[in-house]
Each structure stands twice: as structure tokens, then as C-alpha cells.
Novice: 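One structure, as C-alpha cells, below. Some questions next.
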Amino acid sequence: MNRKKGDKGFESPRPYKLTHQVVCINNINFQRKSVVGYVELTIFPTVANLNRIKLNSKQCRIYRVRVNDLEAAFIYNDPTLEVCHHESKQRNLNYFSNAYAAAVSAVDPDAGNGELCIKVPSELWKHVDELKVLKVHINFSLDQPKGGLHFVVPNMEGSMAERGAHVFSCGYQNSTRFWFPCVDSYSELCTWKLEYTVDAAMVAVSNGDLVETVYTHDMRKKTFHYMLTIPTAASNISLAIGPFEILVDPYMHEVTHFCLPQLLPLLKHTTSYLHEVFEFYEEILTCRYPYSCFKTVFIDEAYVEVAAYASMSIFSTNLLHSAMIIDETPLTRRCLAQALAQQFFGCFISRMSWSDEWVLKGISGYIYGLWMKKTFGVNEYRHWIKQELDQIVAYELKTGGVLLHPIFGGGKEKDNPASHLHFSIKHPHTLSWEYYTMFQCKAHLVMRLIENRISMEFMLQVFNKLLSLASTASSQKFQSHMWSQMLVSTSGFLKSISNVSGKDIQPLIKQWVDQSGVVKFYGSFAFNRKRNVLELEIKQDYTSPGTQKYVGPLKVTVQELDGSFNHTLQIEENSLKHDIPCHSKSRRNKKKKIPLMNGEEVDMDLSAMDADSPLLWIRIDPDMSVLRKVEFEQSDFMWQYQLRYERDVVAQEEAILALEKFPTPASRLALTDILEQEQCFYRVRMLACFCLAKIANSMVSTWTGPPAMKSLFTRMFCCKTCPNIVKTNNFMNFQSYFLQKTMPVAMALLRDVHNLCPKEVLMFILDLIKYNDNRKNKFSDNYYRAELIDALANSVTPAVSVNNEVRTLDNLNPDVRLILEEITRFLNMEKLLPSYRHTITVSCLKAIRVLQKNGHVPSDPALFKSYAEYGHFVDVRIAALEAVVDYTKVDRSYEELQWLLTMVQNDPVPYIRHKILDMLTKNPPFTKNMESPLCNEALVDQLWKLMNSGTSHDWRLRCGAVDLYFTLFGLSRPSCLPLPELGLVLNLKEKKAVLNPTIIPESVANNQEPVNSTNNHGQSVGFQNTFSNSQEEEEIDMDTVHDSQAFIYHHLNMLERPSTPGKEQSSGEMNMHPVLAAPLSVFTKESNSSKHSDHHHHHHHEHKKKKKKHKHKHKHKHKHDNKEKEKDPFAFSNSPASARSIRSPSLSD
Amino acid sequence: GSKHATTPADNYYLARRRTLQVVVSSLLTEAGFESAEKAAVETLTEMLQSYISEIGRSAKSYCEHTARTQPTLSDIVVTLVEMGFNVETLPAYAKRSQRMVITAPPVTNQPVTPKALTAGQNKPHPSHIPGHFPEFPDPHTYIKTPTYREPVSDYQVLREKAASQRRDVERALTRFMAKTGETQSLFKDDVSTFPLIAARPFTVPYLTALLPSELEMQQMEETDSSEQDDQTDTENLPLHMSTDDSGPEKENASVLQQNSSLSGSRNGEENVIDNPYLRPVKKPKIRRKK
């Protein structure tokens, strides 16, 4: 495996270079959900003895392959279809994850592999030896694809166009192989010709320029011809076909927007902002948008909200909104900006290998951040950075770390950089979705750290350099070797940085990119009055999982009476204490303004401070230039000063969170003041609401006056003359709108001495609902009303239960009766006047679940199950499913768990399937250390099947199943399974048989996993470094070994040794093997290291091979019809070329 | 009809009718008739009456057409001409020798129609309104009637009322819907106290979820009709390529035209949007290789 190090440029893992590909889809049948077409790849061999061409293809049925018009034999082998063969009783996740990583490796285009292996016809060998061009023509079809292409066909009357039926490509990372054969790698660039013949009422949107649209002869269909002259990776090819409404952007005519019928007014409004994003990126990158056109398509049942492909982006239709909607507007704009950032970095500039992904995600995320800063302001930007930082820190501490730039050294499994995880990080397809999300988050945060180090100006220069290099390369039409300039690598990126800035950022990269983990600081201080010195102590926790030790500079800001001072401390190995000299003497009653960091001078009431100390507050790493968590101790009055006077929103938010621990009248006052202060950032004020509620609850016995926030709300939003009635809605001022929405939700969290929500608060919220009047408002109040329902739900406290009586109407709490009355009315009104995105239904469903959970209403999943059905709006379904998941957990219902799992397998919407697994993982019915009646063998089998073979069409879903399996059963053998039957296992390393460790009780208790054979098996066939291996022993499941060995052997025979058709194997079998145990790339150069074990194997089991081979044969289904069979020439003649092959067999004993 | 007509109005009409009968009789005598049946005379009288009425009605129209209230001679002339009467023969006919002179009907006052409702005196015309204009209507039709109950203008009560009214309507409506359709319930033992209209899946769920309801649209128009940049909403609508059997080619071309003209007017210059998705679809080539 060549890991491209240094600045040598790109070395292709393939023995050929792809220069051009034609994709032609002649027929799309919406009724049958099928696709028929062909591809033609133009490739140039780079080695003389190229005799096999490996391509990626999943799920496609391949009819015929021709190379330069000569029929070619091929094998279709997808080991990821079923990861572990045989009804192995192992069932442990370690085993699975290793096998899965091996399977993905075996078809990984970045390792030169693929599912489809085409034999170059012998007639062409001479041609190949002269390195002349080959044209590989493949006819294929797709029937009811389960992944890669998604069909949406509403079940109603009318033609497909009238029904709004559409289809689009989707998937996670490289998923193009799901819908046409290609080299599905981000590093193999070529130019494209794309043709789609569709119903005349439909539009086909794809990458590149639409050259022309031509009717077919019967005039009932038309063909869209696209040309993409900028070299592009297959993984960035996409397609959307449907009866779209077309909108040419009024500001940029080369930009076209598409949406489903009837939504055009929304599309107009939603995209009216896009040109500003274009302008922003082009300006900061000083580079024009690289493609000659751009298309946005908004489709239903989206896989992800935003998917960026070359010159087009596919969005969820649910991002569309009208001018009346406030809350969705910034979210949608963010999505648009994200998609556009990825056009530059991700689509136009691609990556060399998976380990360089962080650069692309980092840069696109970083420039998206710059756009955020410009559009929503510095406050919003800093708030966002803080949020992202908190997220990544929490995730890394939970899981043990996110590694941006994994390097997989030469085959030593001990080097596995992610042994703390239950999945392999070597491939994007084995990653947990949550990990990948966090990976992206970390990537852009690290880019920001680099910016801090080298300045934004240099940063943008680097980007510009990458882009201009790429655009020069892209215009080299006939020099495909230049195209690798369009690929970014970690080393290339770092070299650019050092060239441009002249700075050495290696330590930074080493800390955050080459290793995982975040920093955990604990800070405290003492003021030494004698020396007028601040004695700061900063400790680190670097032993917990997910942490690392930080050594280097750390900024500390100290606000003193005489001003704010920055100090840069040097964090070193052994020094915990840092003395910081203070600039001001403590003083008392001196009326003088206090200068702040931003130069502002303010009056402060200093009476709360410690008379001896000049310190107002202290902040550690205020600029967030370390990926860290800081727990800092300072007294309550310091937090209060920080909240009131520090101008940085992050500092204010930190102060608010800290004040939760200080429920005093002074904290209350500080929070109330912030709430009232209109200049204060609205998110800070919203946060203050919740903190105030918590403080009020802690102070409940001493609290004076009306419930917290009530008088404030009255003053701000109610009528002057009648304070119990809220003003008619006017949401022109968004800050107060957000505050108006949030305050009732926070107030509902208030509790009295009996731990009940005060009656006064409940009545207040009910009055808000009653008097809500939106008639004069320019904006919709659906989010506001939804939050009022959330507030009602928040006010619910557990029912006082008498002897577990059955919940009936008669014993319903009168307050709950009022709440139910409102929820019923709201939910019913939604049927008549539905709100935008059904926000109100969503809130009602959540509230009903809260009432059930608290014992006011009988717990029953029936209502939620009906709302979870296909055909409801996706937000509603998710809310309903969340309730069912919660019910499953609380009531330990096997029936509902089965219902959910059935939906995971059968639901038409991939996002829903993914989301159910995600919610089950986050709110699991039981966990590995828990006794539960749900945990039984059948469930283990079911989940195992789900991840082993049931989810092979969707990388994300399979990883989701793995996550759930891990949460429920852990890495080792699920405890509910009976002990394996096989008592004796063979340890190949130590060459001896040992007792299966699972039988030994102690080892089970010690959580020692019985590791299955795949490790050795994998090695023996030439996979490397794919396995985490913390175990000393490796046991072999003999059956697996036999079968796989035999199988590989069988294939070797077929490929390398000439055989006569029909002699040893039947011809059909050779063409199509739907399920193969092992990859074809059997003998790679790297296999040397593992030969030892190979021989070992053979020595032991040679005699069994033949038997196994025959047995295996029967397993294969004959997919080909006889006609095809006869046409296919697959006589692999015994040619010198094959003998010369570097892949010549060394094993054929 | 009843014979005992005694009202002044009846007398008035009867007198005139009798005169007309005399006229008809004398004309008949003039024409050489010696006797006539009563029914024939009655019919001719009826015809004459309609003829004269028509002249009057028509003349009045002509007069009003020229914004006058009093018909002039020319109005009558035009009327007669219009009715096909040769006006020039009239003076000669009037002066014929054998004409008979008939006494004018007895002078009786035009009967006064009794007023159903008279309340107060009609207001006289102010000085600037000419006397020939119609009189003011009865005062009660335009003079406000004072009431003695104070109208509700208290903000609090109004809000209260609006809120409870809306709530009542909503509750009644949803209860009705729940009664007439399928429902779900939170309590197994009671389905009527909190009836929930059953959730029904949509065939195209995103439409109801995303499109503003008509009510909201209306509301939006009311609240900011001024701020909306009109025309934009309809501009691109016809772009949706519908392919009815009627020559899609032509349709596309017209779409293109429309679009370019619209954008041209916006930019104030004639630049046609050249977007590949707006270009007409090409006809297939006749020549086929295979």
C-alpha cells in the first residue's frame, strides 16, 4: 500500500490511468425502479503486463463487458455483501469489525482493488504492452437499488411527472459504485460525458455543462447530454431526475435551481440569497468559482441535508421556506454556504487518500466559518466555535479520541491508531457516522488553530495557491498526469503553508492532526497580596481516555481594576504554578472607570469584590486556541463581573454556566440584568433564562417576589394596560422574538417547595397560548407556538401514584387536564391548518410522551406508531420514533423493539432507517452491563444479520448497526449467548491448540475476547494492517479458514490458470459470483510478510481443500441466462503475459 | 275589475282614459266608420296609449342622455324618427280640415303617493345645488340614530373576547372533525374527552409541511402588501416544462421568450438569459448509424 509521503506527488495505486468516462443511462423506469445503461472508460495502461482491470461496482447487474470491442471475461465479487460467512457462533464485534475492514479493503479503489475484475482479452495483450489506449465498455442495469440511487414515487394517480416522482444519487463518501461501474475513488480524476434519457416531462440534472437536450424519435423522451471537462473523481458524480421546476438565478444566469412541482415560490425565496455567498467565497479566495455552471436541486427523502458534487449540490426539499419563516432561514443559508464551500474544496479539489480527508473538510469548514462570521457577526461565530469545541471535546472524552490524519504503518497491527474504537478508521466506510461528524468538526477547528498561528492572510494565500494550481492543472486537457495537482494531500498542504508563511507549524500538526485527544485543564488561583502577584495553578488530566498532554504557550487574560492584561504562559512538563504580576493595587471606593479589553471604560459597582485583591476575573485560553476543556475556579462575584462586563460572548456563556453553582441573590441580579440588556447577544440572554430557572429552583425557600422572569416577560412582551395579556405578535425584532420564545420554556422549569411547577407559571403559559394573536404579524408564529407547547411539557412533574393505579381520566390531575386540553386542540388544528414543517405536531407528540412518562396518561406507543408511518412529514416521523424508542426503553418492550428493527430494514427512507439506529444507540433499551429481558439470542442474531448482510447497500446504515451492536453488547461476545460449542481452537501463532478462552470463566469475566480467525485468515490472503490487535492470542475458526482458503484457491485457478470452459467449472459460475468469501487481490507485493502463516495453513489443511471447493460451488447462484453464457468468452489462454504478471501466483502448490 | 273606484288616483286615470277613447272614436268617425264594437275601440285605445307612453319614455331617455331633465322638441322629434314616424307629415296632418276638436280632460291633480315612512322634513337643497336636482331622500335614511349603549372599546375585553371566540370556534371545529372522522385516544377507557383526529399519512407529505396555508398567505398579503416585490413570484412560473401533446417545442420557445422579456425589462436592457435549461429541446437527427 503506498502511502504518499513527501512531495513526490501522487502515485496511482492502479496499473493504468483513467482519462475519460462515458456514462449513458438509456432507460429509467420509475414504476419498476430500474435503470439500464452502459459506461465506457478510456484507460491508458501504465505497466506493460496489465491483464486485469479492477473497477468498482456494487448492486449493478453487469451484462456484458467489452474491451476495445472484444468480449472480455469478468468476475463480480463483493465481499462486503456478507462480511462474515458461515453461521459462526462467535458473534463478537471485534471479529466483525476486523472482517468488515478487511472486506472494504479488498475492494478499496485506493488500494487498487475493486469488486469487478475484468480480464483483458488475450488479443489485446500486445496492444497493452505498447501502453496503448483501452476502451472498456460495460453494459449494466440496476433493479430496485437499495442504496446509491434513491427513487421517490408517490403512490397516487397520474403520470410519473404529475405525481412528482423523482430519483437522485445519494450516499456517504464514495458511493458512486452503487449506480454505475467506475473507479470509485476521490483520487482517480477523469473527464466525463454523461447522458440520460428521461421522460419528456422530466429534467435530468447532472454534473458539468448541459450541452444539448434532444428528443428521442418517438418524441416521448428526451436525452440530456452533459460534458464535464474539468477532471473529476467518480465519487463526485451525481444525478437527479424529476419533473423539476426550473429557476434561473436572477443574479447569476449560469446558476440554475431546481425544485419539485408547486414549490417554486419557496425556491425563489430560499435561493435569493445564494449570490452573496458566491461573492463572498470568490472574494476571500481571490478565485473564481471553478465550474462554468452551478446547479442546486431540492429533493424529497434526502439522504443528508446537503450533498456537494461537482458543479451541483443536492439539498433536502425541507430546507425550502417562505419569507414568513424566521427560524429556518439562517439554517438554510448555512446549508447553502456549506455546500458552496465544498464546491471549491471537496469537489473541485479532491483528495489523494482517505487520510487527507481532514484537509478538505477542514478548509471547507473553515471558509464556511469565515462566511458565518461575516454574515451573522463575530458573536455568532464565536458562539459557534465554542459550541463545536464543546462537542468535539465531549465526544473525544467519551470515545477516546478522533484522529484527523491516521497513518497506517507497514503492516504492524499494533500500530492501529484507533484501538480504542469499536470500528476501523482506515476507511470512511467503516466509520461511525457520529465519529465522521465529529471528525469534520475537529478538522475545521484545527484549520482555525493553524490560522491563529500563521494569520488569516497567509491562510487564504495557501488556499488560493491550491486553487490556482488545480485550475491550471484542470485546463491541461491532454496531460492527465498533471491532474494529480488537483488532489490535495496532507504533506502538500503543509508544504504550501510553510512556503507561504515561512512558519513551522509542525508541532501544531503533530499535536492535533497526527494524534488524537483533547486537553483537559483544571485551573485555580490565589492572590498573593504581599508580592502583588497572582499565583495561577494549571493542572492537566492526560491519563483519561481521549486526553493528551499539552505543552506550549497558553494565553491567560486577567481583568484587573486598572485594565485587562494578556499573559502568555508556557505550559511545561512539571510546572503547575505560574506567577503573574498584577498591575494594579487593590483599592476601595475610588470612583474611576475601569478599562476593558476592547478599550471601553465602564463604571462598576465594586462593592462585591474582595477588598484586598485587584482581580475582577481571569480567563484561560480566551481565544480557544487549544482544543480543550477548562474547569476554572474563581469566586462567584468574579463570575458575576465576568458576565456583566466581559464583552466576549463566550466568556459570558462560561460565566452563566459557572453561576449555576452559585444560587445567590447576586447571581440572580446579574442574570436578570443580562436578560434585560438589549445590547447583549441574544443567545447569551437565552442561556441566562435557563440558568436563572436553575438558580431559582435552588433558592426556592428564600426566593422573594413573583416567579423568575415573569415580571420581566410581562414588562417586555405584555400590554401596558393589562399585564396578563400578551401583546399581539410582532416578530420584526428577531432578538426579542428568540427571547420571547425561550423565556416561557425556561420558566416552565421552575419548581416550588413541593417540586411542582408553580400554578402561577402554568396559568401564565396557558394565558400566553390563549391570548396568542398572530393576525397582524408579518411572520409565522409556528415555532413560537411549538415552544409554548414545549413549555407546557416542561412544566409536567411526575404524577403522585397511589399503589400503581391505572391511569384513567377520573384520576387525572386538574393541571394536566388543562395541558391536555391545549395539546388536543393544537394537534387537531394541525390537521386543518398545518404549520410549517409541522413543528406543532412535533412538539405535541413530545409533550404527550412526557405526560406518559410521568404517569399522567397511560403509556402507550400506538399513537406514536401511527405518526411514525411512512407518509408523514419526516420531522413528525422522527419525533414519533423517538417516543417509540423511549417507550421501548422504559417499558422494555420486545414487541416495539422488533417493530423498530423491522422499520430499519424496510422503511423506504434511508434517513429514517439511519435515524432509528441512531436513536436506539443514544437511548438504548439496555446496555452491555445491564440485565434485560430484551437481551436474548434471537436479538443478537437479528442485529448480527443486520450488520453482516442486511445493510450492505448503505455504508452509513451498516456503521449505525455496528454502533448499536456495540452499545447493546460491547466488543466481546454478548453475555446472553450460550458458550460456543467449539472447545478447542488452534492458535496459529504459537502453533498449538488451546482451549477456547470463552469457556474459561475467568477470561470471560476479564472481558477477554475470543478473537476469530479472520485475523490470520486476512493475513494469509494478503491484507495488511487492517486489524486492531490488542490480544496476544489469535484463535482460528477452522471452518472459516478452510472455506475461504478453498474459495480463493478456486478463483486463483480460474484467473491465473487457463482452463477450458465447462471442464472444471460451469461457465455461468465464472461470470457472476454474487457472494464471495474473499477478495480477489490475493497476491500483492505486501503478502510476503504473511507468507509464513500461509504455508502454515496449507500444511495443515491441504487435504480438505478439494472437498471444500466442491461444496462451495453449490452455493453460487447462476445469475446468467444461457444466451449470455454462450457469448462470453472466458478462455483464459495460457499466455506469456499472464506468467509475467507481477501478481503471478506463488501459492499454487 | 272592481267598479267602485273612488280614490282620486283612479279618477285621475279614468278621466284620461276616457279622453283617449273619445280621440279614438273621433278618428274612427273621421275614417268613415259609423259604429264600432266596444272591444275594438278598447283595443285601439290600448294601442294608442302604449304608443304615446313609448314616445314619452323614449323622449325622456334622450333628454336625460344629454344631461337635461326637461324634454325639448328635438327630443320628441328624434323619438318619432326612431319609431319610424315620418315627422314631416305631422304639420300637414295637424292642419287638416276635417279634424275634430276634443275637449281637454278635466283638470285633476296628480295623485300623491302616500309615503310609507315619513320621519321629519326633507332637507331643502343648499344654495349651490340647482333646484332641478332630485330632492334629498327622507332624513331617516341617512341621519344616524343615536343609541344608548356604550360600545365595547376596552382593550382587555376585546382581546379576551377575540381569544375565547377563536378558541370556541377551534374547539367546535376540531370536535366536529373528530366526531365525524376516525379518532385516536390517549385513554383506553375514554375516547370522547380528548379526541384526537387520527393521523393520516399523505401521499406527498412535504407539500403540506412546507407551503404556507391559504390563511397565512392572505395574512401575509394583508400585513405587507407594500413590501412585497410583486411580479417576482410569477415570473418564472411558466418555466416548468409541461409536455402536453401540443407541440412541446413551441411551448418551450414561448417560455423562453417570455422569460427573456421579463428579465429584459428588469435589467432595463435586452439581454436574453442564456441558460442551457431554457433552450429548446432539439429534434432527433434523422440519420441513424445503426
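Proteins come first, then strands; the chains are lettered A, B, ... in the order of their sequence lines, and each starts at number 1. FYI, side chains are in, hydrogens and waters are out, and symmetry mates aren't considered; it's all heavy atoms of this structure.
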Novice: Under the side-chain contact (heavy atoms from CB on, under 4.5 Å) rule, what do B/T193 and A/R817 come out as? Steps first, then yes or no, please.
Specialist: CA-CA 10 Å; B/T193 316; A/R817 188 176 276 270; 4.0 Å; yes

Novice: Quick check: closest heavy atoms across A/H856 and B/F187, and the distance to 0.1 Å?
Specialist: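 Nearest pair, atom of A/H856 first, then B/F187: O-CE2, 4.2 Å.
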
Novice: Can you check whether A/L832 reaches B/E170 side chain to side chain, under 4.5 Å on heavy atoms?
Specialist: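 No, too far: nothing below the 4.5 Å cut-off.
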
Novice: Once rounded to the nearest 0.5 Å, what's the spacing between atom OH of B/Y277 and atom NE2 of A/H257?
Specialist: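 B/Y277 atom OH to A/H257 atom NE2 measures 12.0 Å (nearest 0.5 Å).
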
Novice: For chain B, find which of A/L820, A/N155, A/D860, A/T721 contributes the most heavy-atom pairs closer than 4.5 angstrom.
Specialist: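 Ranked by contacts with chain B, first place is A/L820.
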
Novice: NZ/A/K720 to OH/B/Y155 distance, rounded to the nearest 0.5 angstrom?
Specialist: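 It comes to 10.5 Å.
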
Novice: A/V726 versus B/R159: any side-chain heavy-atom pair under 4.5 Å?
Specialist: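 A side-chain contact under 4.5 Å exists here.
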
Novice: Checking B/L210 against A/R837 for the side-chain contact (heavy atoms from CB on, under 4.5 Å) test, could you report, in this order, the C-alpha distance in whole Å, the side-chain angles of both residues, the deciding distance, and whether it holds?
Specialist: CA-CA 6 Å; B/L210 300 180; A/R837 290 191 79 153; 4.2 Å; yes

Novice: If I measure from the heavy atoms of chain B, does A/E822 come under 4.5 Å with its side chain, its backbone, both, or neither?
Specialist: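 It is the side chain, since no backbone atom gets that close.
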
Novice: Between NZ of B/K282 and NZ of A/K222, what distance do you get to the nearest 0.5 Å?
Specialist: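 Nearest 0.5 Å value for the NZ-NZ distance: 14.0 Å.
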
Novice: With a 4.5 angstrom heavy-atom cut-off, could you sort out which part of A/E821 is near chain B: side chain, backbone, both or neither?
Specialist: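 Looking at A/E821, backbone and side chain both touch chain B.
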
Novice: Taking A/E869, A/E212, A/H321 one by one, which has the highest count of heavy-atom pairs under 4.5 Å against chain B?
Specialist: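 Max contact count across the listed options: A/E212.
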
Novice: Is there a side-chain contact (heavy atoms from CB on, under 4.5 Å) between A/T213 and B/R279 once you walk through the steps?
Specialist: CA-CA 8 Å; A/T213 318; B/R279 284 180 208 141; over 6 Å; no

Novice: Tell me the closest heavy-atom pair linking B/L207 and A/L263, and the distance in Å.
Specialist: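 So the two residues come closest at CD2-CD2, 3.8 Å.
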
Novice: With a 4.5 angstrom heavy-atom cut-off, which part of A/V876 approaches chain B: side chain, backbone, both or neither?
Specialist: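 When you check distances to chain B, no heavy atom of A/V876 falls under 4.5 Å.
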
Novice: By a 4.5 Å heavy-atom criterion (distance strictly below it), what part of A/L812 contacts chain B: side chain, backbone, both, or neither?
Specialist: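 When you check distances to chain B, only side chain atoms of A/L812 fall under 4.5 Å.
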
Novice: Measure across A/Y867 and B/Q184 and return the closest heavy-atom pair with its distance rounded to 0.1 Å.
Specialist: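 Heavy atoms of A/Y867 and B/Q184 come nearest at CE1-OE1, 4.1 Å.
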
Novice: For chain B, which candidate among A/F224, A/Y226, A/Y870 shows the most heavy-atom pairs at distances under 4.5 Å?
Specialist: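 Top option by heavy-atom pairs under 4.5 Å: A/Y226.
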
Novice: Once you round to the nearest 0.5 Å, how far does OG of A/S316 lie from OH of B/Y206?
Specialist: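 It comes to 11.0 Å.
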
Novice: Of the listed residues (A/E254, A/E301, A/R220, A/K831), which shares the most heavy-atom pairs with chain B below a 4.5 Å separation?
Specialist: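 Of the candidates given, the most pairs with chain B belong to A/K831.
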
Novice: Heavy atoms only: give me the nearest B/R167-A/R825 pair and the separation to one decimal.
Specialist: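 Closest pair (atom of B/R167, atom of A/R825, distance): NH2-NH2, 3.6 Å.
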
Novice: Report the C-alpha distance between A/H253 and B/N275 in whole Å, list the side-chain angles of each, state the deciding distance to 0.1 Å, and finish with yes or no for side-chain contact (heavy atoms from CB on, under 4.5 Å).
Specialist: CA-CA 6 Å; A/H253 293 171; B/N275 184 294; 5.6 Å; no

Novice: Measuring heavy-atom distances to chain A, does B/Q156 have an atom under 4.5 Å in its side chain, in its backbone, in both, or in neither?
Specialist: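 For B/Q156, the contact with chain A is made by backbone and side chain together.
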
Novice: Specify which of A/T728, A/L320, A/V255 makes the most heavy-atom pairs with chain B at under 4.5 Å.
Specialist: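 Looking at each of A/T728, A/L320, A/V255 in turn, A/T728 comes out on top.
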
Novice: As an exercise: rank B/A199, B/A163, B/P276 by heavy-atom pairs under 4.5 Å with chain A and give me the winner.
Specialist: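 Most heavy-atom pairs under 4.5 Å with chain A: B/A199.
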
Novice: Parallel, tilted or perpendicular: which describes the rings of B/F202 and A/H838, with under 30° parallel and over 60° perpendicular?
Specialist: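 The arrangement is parallel - the two ring planes meet at less than 30°.
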
Novice: Looking at B/T208, B/V204, B/L173, which one has more heavy-atom pairs under 4.5 Å with chain A than the rest?
Specialist: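 Looking at each of B/T208, B/V204, B/L173 in turn, B/T208 comes out on top.
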
Novice: For B/H132, I'd like to know if atom NE2 has over 12 heavy atoms of other residues, nucleotides or ligands within 6.0 Å.
Specialist: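 Yes.
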
Novice: Supply the atom-to-atom distance A/L863 CG to B/L196 CG, rounded to the nearest 0.5 angstrom.
Specialist: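 Rounded to the nearest 0.5 Å, the CG-CG separation comes to 6.0 Å.
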
Novice: Where on A/H225 is there a heavy atom nearer than 4.5 Å to chain B: the side chain, the backbone, both, or neither?
Specialist: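 No part of A/H225 comes within 4.5 Å of chain B.
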
Novice: For chain B, find which of A/T256, A/T216, A/V857, A/N772 contributes the most heavy-atom pairs closer than 4.5 angstrom.
Specialist: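 Looking at each of A/T256, A/T216, A/V857, A/N772 in turn, A/T256 comes out on top.
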
Novice: Which one wins on heavy-atom pair count under 4.5 Å against chain A: B/R166, B/M177, B/R171?
Specialist: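 Maximum pair count with chain A is reached by B/R166.
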
Novice: Identify the two heavy atoms, one from A/F873 and one from B/P205, that lie closest to each other, and give their separation to 0.1 Å.
Specialist: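 Shortest heavy-atom separation between A/F873 and B/P205 comes out as N-CB, 3.8 Å.
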
Novice: Flag the one option from B/A198, B/A178, B/S213, B/P195 with the top tally of heavy-atom pairs under 4.5 Å to chain A.
Specialist: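 Result: the option with the highest number of such pairs is B/P195.
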
